[in-house]
Amino acid sequence: MFSKRTEWNLETNRFSAALERLRCEGKSLLDLTVSNPTTSGFKSDEGKILQSLAEGTALQYSPEPRGLRSAREAVRGYYATLPCAASVANEQIFLTTSTSEGYSYAFRLLCNPGEEVLVPRPGYPLFEFLATIQDVSLASYPLIYDHGWHLDWYSLESMINERTRAVVVVHPNNPTGSFVQPGERERLGELCAKHGLAIIADEVFLDYRFGPAVASFVDHQQCLTFTLSGLSKVCGLPQMKVAWMVVSGPAPAQKEAISRLEIIADTYLSLNTPVQAAMPELLNMRHRFQEQLNSRLRNNLDELDRRLQSSASCRRLEVVGGWYATLRVPATQSDEDLAISLMEKHGVIVHPGHFFDFPADGYLVVSLMTPEEDFREGIKRVLGITG
């Protein structure tokens with residue numbers, strides 16, 4: 001009765017089952033996996049946000065496959081004001097309800113059923129569901145850690161075959177917090193151009209870094225490139241459901257891709273008018289949110305490093321961007337068993353490494369977005385057990 005593309009394992013995993021049970025029992029838990037900016041104590045101008053949705057043009061319906069011009073101009077302005085400013089034409093921008101929808105557009109544009117996209121490992125587990133729904137196969141290329149994270153070029157190139165259509169990069173990666181460095185970007189562009197592949201660059205965490213700014217893929221020209229981002233992370237407004245895709249690359253391929261994407265977008269016309277009309281104002285509000293979040297990220301990372309100084313057996317892996325930090329801990333049990341034990345015995349929620357497809361046990365992932373007092377106490381408990 002149901003399609004094979006929805007034949008997922010719907011059984012609750014042990015970690016989620018334990019978390020649900022403990023919450024039902026009323027156990028007090030410190031959550032070090034926080035990722036929702038709307039419930040994490042950040043201050044916003046609620047009146048301004050609501051007023052932006054009351055623009056007069058919100059009542060006018062003017063279907064635009066790529067999105068309202070004023071909204072796309074706001075996105076163009078965002079890229080122009082980045083520390084590594086990038087020039088983007090209005091015509092290159094497509095508005096979507098989410099980066100997930102952006103992935104859907106890209107997969108539909110590039111892949112026939114059964115064709116393949118390469119995604120990074122460690123990486124975010126959502127890719128598997130997005131690809132399966134679009135009848136696309138995934139293969140994972142490894143990121144390797146050696147005094148920082150790097151693309152494994154031998155593995156990446158050896159995985160390319162006649163079914164491969166694109167390479168996904170997450171810039172910076174979730175959860176490793178690693179950017180694609182300029183030399184890697186150049187080499188990746190050459191590799192994809194050589195094999196006729198596209199790059200899909202997910203940049204939702206681009207504004208959050210612990211060092212010098214790194215350039216966006218938005219003006220990448222070596223091969224056809226689709227750059228994704230949105231208000232969820234840029235402005236801390238996941239409830240607004242606004243994202244975008246920017247198409248770049250060699251002129252002929254870019255022109256053809258834009259023409260075909262326009263038909264895909266015109267078929268769905270999914271983004272509502274009020275939030276498009278609000279885009280200029282909402283993007284202008286990003287600075288206040290980012291200042292608060294960047295301060296918390298740095299303070300929590302400093303607290304983690306301070307605690308680790310007295311730990312004999314735990315360390316953190318290098319992180320240069322994003323919202324997360326990865327802890328390397330003794331692999332005396334599975335990551336899932338350790339995470340469950342931390343919840344049950346010590347009241348702390350962390351992500352087990354296997355959630356992000358780390359290659360072995362001995363990894364825990366924590367969110368640096370966690371309110372500072374909770375983070376301080378939670379890390380104290382985690383390192384008291386693992387360190």
Side-chain angles (χ1 to χ4, degrees), residues 35-40 42-82 86-109 130 133 202-204 206-207 216 218 226-248 257-293:
S35 62
N36 183 353
T38 69
T39 59
S40 300
F42 298 109
K43 296 179 181 177
S44 61
D45 192 330
E46 296 177 0
K48 258 189 174 180
I49 292 172
L50 294 174
Q51 182 60 38
S52 72
L53 297 169
E55 291 290 329
T57 54
L59 298 178
Q60 301 168 12
Y61 181 54
S62 178
E64 293 280 352
R66 302 181 207 189
L68 293 180
R69 187 171 189 85
S70 61
R72 287 183 284 132
E73 284 287 352
V75 173
R76 191 169 70 87
Y78 161 73
Y79 284 108
T81 57
L82 288 177
S87 177
V88 177
N90 199 298
E91 291 70 27
Q92 294 173 255
I93 301 168
F94 286 80
L95 301 183
T96 62
T97 55
S98 62
T99 52
S100 294
E101 187 175 63
Y103 276 111
S104 172
Y105 282 15
F107 290 168
R108 283 294 189 189
L109 175 71
L130 292 173
I133 290 170
D202 185 330
E203 295 187 345
V204 296
L206 184 67
D207 291 298
S216 167
V218 78
F226 304 89
T227 303
L228 309 177
S229 190
L231 295 191
S232 177
K233 305 300 189 297
V234 171
C235 301
L237 295 171
Q239 75 276 31
M240 293 301 171
K241 307 308 296 178
V242 183
W244 55 82
M245 168 192 288
V246 182
V247 186
S248 59
I258 288 173
S259 296
R260 293 176 180 234
L261 276 172
E262 195 157 21
I263 300 299
I264 293 174
D266 195 35
T267 301
Y268 287 95
L269 284 176
S270 54
L271 191 59
N272 70 77
T273 300
V275 77
Q276 290 190 70
M279 280 276 285
E281 185 65 33
L282 294 176
L283 269 172
N284 280 336
M285 294 184 205
R286 71 185 183 276
H287 305 290
R288 183 181 184 187
F289 169 71
Q290 290 184 8
E291 286 171 4
Q292 295 175 75
L293 178 53

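Residue indices begin at 1 and follow the sequence shown. Quick caveat: nothing in here was measured; it's all calculated off a predicted structure.
Pairs of residues two or more places apart, or lying in two chains, that qualify as side chain to side chain donor-acceptor pair (under 3.5 Å) and include a residue from residues 234-248 are Y79-W244. Listed by first and then second residue, the ring-ring contact (aromatic ring centres under 6.0 Å, His included) pairs that reach into residues 269-290 are F42-F289, sequence neighbours excluded. Evaluation of the side chain to side chain donor-acceptor pair (under 3.5 Å) test over residues 56-66, restricted to residues two or more places apart or in two chains, returns R66-E262. Pairs passing the side chain to side chain donor-acceptor pair (under 3.5 Å) check and including a residue from residues 68-78, sequence neighbours excluded, read R72-N90, E73-R76, E73-N90, Y78-D207.
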Inset, instruction - May I have the step-by-step check of side chain to side chain contact (heavy atoms under 4.5 Å, CB included) for V204 and L228, ending in yes or no? - result: CA-CA 7 Å; V204 296; L228 309 177; 5.7 Å; no
Legend entry - Full working for side chain to side chain contact (heavy atoms under 4.5 Å, CB included) between L206 and L82: CA-CA 10 Å; L206 184 67; L82 288 177; 3.9 Å; yes
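Under the side chain to side chain donor-acceptor pair (under 3.5 Å) criterion, T81 pairs with R286, sequence neighbours left out. D266 pairs by the side-chain contact (heavy atoms from CB on, under 4.5 Å) definition with P65, L269, not counting sequence neighbours. The salt bridge (Lys or Arg N to Asp or Glu O under 4.0 Å) check on R260 picks up E256, with sequence neighbours excluded. Under the side-chain contact (heavy atoms from CB on, under 4.5 Å) criterion, S52 pairs with A278, E281, L282, sequence neighbours left out. Residues forming a ring-ring contact (aromatic ring centres under 6.0 Å, His included) with Y105 (at least two apart in sequence, or on another chain): none. Applying the side chain to side chain donor-acceptor pair (under 3.5 Å) criterion to Q92, with sequence neighbours excluded, gives no partner residue. Shown here are the side-chain contact (heavy atoms from CB on, under 4.5 Å) partners of P274, two or more places apart in sequence or in another chain: A58, N272.
Annotation: the span from Q292 atom CD to S40 atom OG amounts to 11.0 Å, rounded to 0.5 Å. Atom CE of M240 is separated from atom CD1 of I49 by 5.5 Å, given to the nearest 0.5 angstrom. Note that the OG1 atom of T227 and the CE atom of M245 stand 9.0 Å from one another [nearest 0.5 Å].
When all heavy atoms of A71 and L95 are compared, the pair lying nearest together is CB-CD1, 3.4 Å. Closest heavy-atom contact between R108 and I264: CB-CD1, 4.3 Å. Here the closest non-hydrogen pair linking V242 and M279 is CG1-SD, 3.2 Å. Pairing each heavy atom of T96 with each of L271, the nearest pair is O-CD1, 3.8 Å. Nearest heavy-atom pair, P37 versus S232, reported as atom, atom and distance to 0.1 Å: CG-O, 4.2 Å. Minimum interatomic distance between V218 and E203 (heavy atoms only, all atoms of both residues): N-OE2, 4.4 Å.
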Acceptor/donor pairs from residues 97-104 side chains to any protein atom, 3.5 angstrom cut, sequence neighbours excluded:
residue	atom	partner	partner atom	Å
T97	OG1	E101	OE1	3.2
S98	OG	S100	N	3.4
S98	OG	E101	N	3.0
E101	OE1	T97	N	2.8
E101	OE1	S270	OG	3.0
E101	OE2	S270	OG	2.8
Y103	OH	D202	OD2	2.7
S104	OG	Q134	NE2	2.9

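At a threshold of 4.5 Å between non-hydrogen side-chain atoms, the residues F226 and V247 count as touching. Under the 4.5 Å side-chain criterion, counting only non-hydrogen atoms from C-beta, L237 is not in contact with M285.
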